*Asks:* 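Shown below is the structure under consideration.
We number each residue from 1, following the sequence as shown. Everything numeric in this text was worked out from a predicted model, so none of it was measured. Numbering of ligands and ligand atoms starts at 1, following listing order.
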Amino acid sequence: MEKQNVHYSQLGLVNTKAIFEKAMAGKYAIPAYNFNNLEQLQAIITACADTNSPVIIQVSKGARNYANETMLRFMAMGAVRMAREMGSNIPICLHLDHGDSYDLCVSCIESGFSSVMIDGSHLPYDENVALTKKVVEYAHQFDVSVEGELGVLAGIEDEVAAEHSTYTKPEQVEDFVKKTGVDSLAISIGTSHGAYKFKLKPGESVPPLRFDILDECEKRIPGFPIVLHGASSIVQEYVVMINSYGGKMDGAVGVPEEQLRQAAASAVCKINIDSDGRLAFTAKIRECFAKDPKEFDPRKYLGEARKELVKLIRHKNEAVLGSAGKA
Ligand code: G3H
Ligand code: 13P
Ligand code: ZN
């Protein structure tokens with residue numbers, strides 16, 4: 001059977017244009033939550049509909065391989081329907097997270113994504129510009145938004161790996177945005193992917209993000225949407241739970257909420273959160289198994305995990321990103 005192309009508008013999705021404009025004017029950030037499975041997506045939609053928050057549901061290359069691209073498209077379509085049937089009209093954007101090639105971006109656009117990231121941040125500057133521009137030229141024909149990246153975040157995920165981080169050079173941002181035509185720009189100001197964002201010695205606290213670099217970027221591209229990756233707080237309550245139920249995540253630490261509030265009130269329009277959701281999920285599943293070793297119905301332990309994820313996302317929207325009530 002042949003793969004069918006579909007435009008995102010047919011799935012009831014939106015691109016990032018209007019939601020970023022509103023977020024910039026209202027000094028809040030749109031949450032971008034990663035998902036790989038049904039329960040994560042249900043939790044994101046439930047919490048965002050409950051809090052009346054616009055949302056970006058995002059899929060990495062690894063998630064796409066895990067869940068199957070066609071399945072994902074129908075899940076996104078189902079997510080929109082589910083929100084509407086809940087009586088909610090929240091804008092939902094389906095975004096490719098860390099696209100690493102032109103072909104992957106094209107394939108996502110063909111299968112109904114309303115926004116793609118082309119991550120050329122590890123490439124030499126001119127190659128990053130050329131690749132990003134090529135994706136923008138294709139995507140804009142279909143009114144699909146494109147996120148580019150300048151500067152490299154540290155940290156290792158399945159498909160997103162960087163040994164060494166480099167902060168974004170503010171002197172490059174204006175030229176990059178002008179030459180590529182991107183709709184938003186991810187920058188590197190001290191965050192990193194995953195659960196171990198900072199190596200702290202006993203008694204040390206998390207160092208502040210480089211807000212000076214963010215300010216410099218903002219000055220050079222005023223009013224332009226900036227994206228913050230690696231923005232999980234690594235909620236300690238979950239780390240403690242995981243460790244107390246047999247896990248081993250010593251030293252897991254993330255970005256304090258106060259710093260994320262500061263970022264959300266600036267030109268940062270999109271805040272990416274994956275690891276905190278993974279932690280909430282894992283903590284609850286471990287708790288379920290520890291409390292009831294006889295349990296083997298996935299609906300029981302995944303149901304508890306989903307409930308916890310709803311709680312976490314509600315909190316993020318209401319108390320950290322400021323997106324609650326802004327749909
Ligand atoms: O930034 C990376 C996201 O957390 C996705 O991670 O490649 O393991 O799906 P993943
Ligand atoms: P975290 O690992 O901090 O959740 O970051 C996720 C991310 O940046 C996805 O692109
Ligand atoms: Zn990222």
*Asks:* Can you confirm whether the side chains of Asp183 and His140 place a donor and an acceptor under 3.5 Å from each other?
*Replies:*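 Distance-only check passes for Asp183 and His140.
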*Asks:* Which ligand 2 atoms are under 4.0 Å away from a heavy-atom of His193?
*Replies:*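 Heavy-atom distances to His193 below 4.0 Å select 2 (O), 5 (O), 6 (C), 7 (C), 8 (O), 10 (O).
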*Asks:* Does the ring centre of Tyr245 sit less than 6.0 Å away from the ring centre of Phe289?
*Replies:*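 They do not qualify: ring centres at least 6.0 Å apart.
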*Asks:* Check Asp97 against ligand 2 and report side chain, backbone, both or neither, counting heavy atoms closer than 4.0 Å.
*Replies:*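 Answer for Asp97: side chain.
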*Asks:* Using a 4.0 Å cut-off to any heavy atom of Asp274, which atoms of ligand 1 qualify?
*Replies:*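 Those qualifying, in numeric order: 3 (C), 4 (O), 5 (C), 6 (O).
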*Asks:* If you count heavy atoms of other groups shown closer than 6.0 angstrom to CE of Met71, is the number above 12?
*Replies:*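 No, because the 6.0 Å sphere around CE of Met71 holds 12 heavy atoms or fewer from other groups.
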*Asks:* Using a 4.0 Å cut-off to any heavy atom of Asn34, which atoms of ligand 2 qualify?
*Replies:*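 Near Asn34, meaning under 4.0 Å from one of its heavy atoms, ligand 2 has 9 (C).
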*Asks:* For Asn34, counting its heavy atoms only, list the atoms of ligand 1 lying under 4.0 Å from any of them.
*Replies:*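 The atoms of ligand 1 under 4.0 Å from a heavy atom of Asn34 are 3 (C), 5 (C).
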*Asks:* What is the distance from atom CG of Leu72 to atom CG of Asn36, rounded to the nearest 0.5 Å?
*Replies:*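 Leu72 CG to Asn36 CG: 8.5 Å, rounded to 0.5 Å.
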*Asks:* Please identify which atoms of ligand 2 are closer than 4.0 Å to at least one heavy atom of His98.
*Replies:*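 In order of number, 10 (O).
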*Asks:* Compare all side-chain heavy atoms of Ile30 with those of Ser323 and state whether any distance is below 4.5 angstrom.
*Replies:*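 No, too far: nothing below the 4.5 Å cut-off.
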*Asks:* Going through the checks in order, is the salt bridge (charged side-chain N to carboxylate O under 4.0 Å, His left out) test met by Glu137 and Lys134?
*Replies:* CA-CA 5 Å; Glu137 279 167 0; Lys134 193 173 162 195; over 6 Å; no
*Asks:* Go through ligand 2 atom by atom and flag the ones less than 4.0 Å from a non-hydrogen atom of His229.
*Replies:*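 Counting atoms of ligand 2 from 1, those under 4.0 Å from His229 are 8 (O), 10 (O).
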*Asks:* Given that the side chain starts at C-beta and the backbone is N, CA, C, O, which of these parts of His229 lies under 4.0 Å from ligand 1, counting heavy atoms, or is it both or neither?
*Replies:*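 Contact part for His229 vs ligand 1: neither.
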*Asks:* Give a yes/no on ligand 2: does Lys197 have at least one heavy atom closer than 4.0 angstrom to it?
*Replies:*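 Distance cut 4.0 Å: Lys197 passes for ligand 2.
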*Asks:* Ignoring hydrogens and geometry beyond distance, is a side-chain donor-acceptor pair present between Arg306 and Thr46 at under 3.5 Å?
*Replies:*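 No, Thr46 and Arg306 have no side-chain donor paired with an acceptor closer than 3.5 Å.
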*Asks:* Backbone, side chain, both or neither: what part of Gln58 comes under 4.0 angstrom of ligand 1, heavy atoms only?
*Replies:*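 None of Gln58 does.
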*Asks:* Near His98, which atoms of ligand 1 are under 4.0 Å from a heavy atom of that residue?
*Replies:*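 Answer for ligand 1: 1 (O), 2 (C).
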*Asks:* Could you tell me if Thr132 and Thr180 have a donor-acceptor pair between their side chains, going purely by distance under 3.5 Å?
*Replies:*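 No, Thr132 and Thr180 have no side-chain donor paired with an acceptor closer than 3.5 Å.
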*Asks:* Tell me the contacting part of Asp97 for ligand 1: side chain, backbone, both, or neither, using a 4.0 Å heavy-atom threshold, strictly below.
*Replies:*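 Looking at Asp97 and ligand 1, just side chain atoms fall under 4.0 Å.
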*Asks:* Can you give the angle His98 NE2 - the Zn ion (ligand 3) - His229 ND1, rounded to 10°?
*Replies:*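 The two atoms subtend 90° at the Zn ion (ligand 3).
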*Asks:* Does ligand 2 have a heavy atom under 4.0 Å from the side chain of Val255, from its backbone, from both, or from neither?
*Replies:*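 Near ligand 2, Val255 shows nothing, with every heavy atom at 4.0 Å or more.
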*Asks:* Apply salt bridge (charged side-chain N to carboxylate O under 4.0 Å, His left out) to the pair Lys300 and Glu304, showing each step before the final yes or no.
*Replies:* CA-CA 6 Å; Lys300 295 278 167 50; Glu304 286 303 312; over 6 Å; no
*Asks:* What atoms of ligand 1 come closer than 4.0 angstrom to any heavy atom of His193?
*Replies:*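 Every atom of ligand 1 under 4.0 Å from some heavy atom of His193: 1 (O), 2 (C).
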*Asks:* Rounded to the nearest 0.5 Å, how far apart are NZ of Lys270 and CG of Leu321?
*Replies:*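 Reported value, rounded in 0.5 Å steps: 11.5 Å.
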*Asks:* What do you reckon, does Ala231 have a nitrogen or oxygen under 3.5 Å from a nitrogen or oxygen of ligand 2?
*Replies:*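 There is such a contact, yes.
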*Asks:* Would you check, one step at a time, whether the test salt bridge (charged side-chain N to carboxylate O under 4.0 Å, His left out) holds for Glu69 with Arg73?
*Replies:* CA-CA 6 Å; Glu69 60 171 288; Arg73 170 210 292 193; over 6 Å; no
*Asks:* Below 4.0 Å from ligand 1: does a non-hydrogen atom of Ser60 turn up there or not?
*Replies:*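 Yes; Ser60 lies near enough to ligand 1 that a heavy-atom distance drops under 4.0 Å.
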*Asks:* Which ligand 2 atoms are under 4.0 Å away from a heavy-atom of Ile273?
*Replies:*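 Result: 4 (O).
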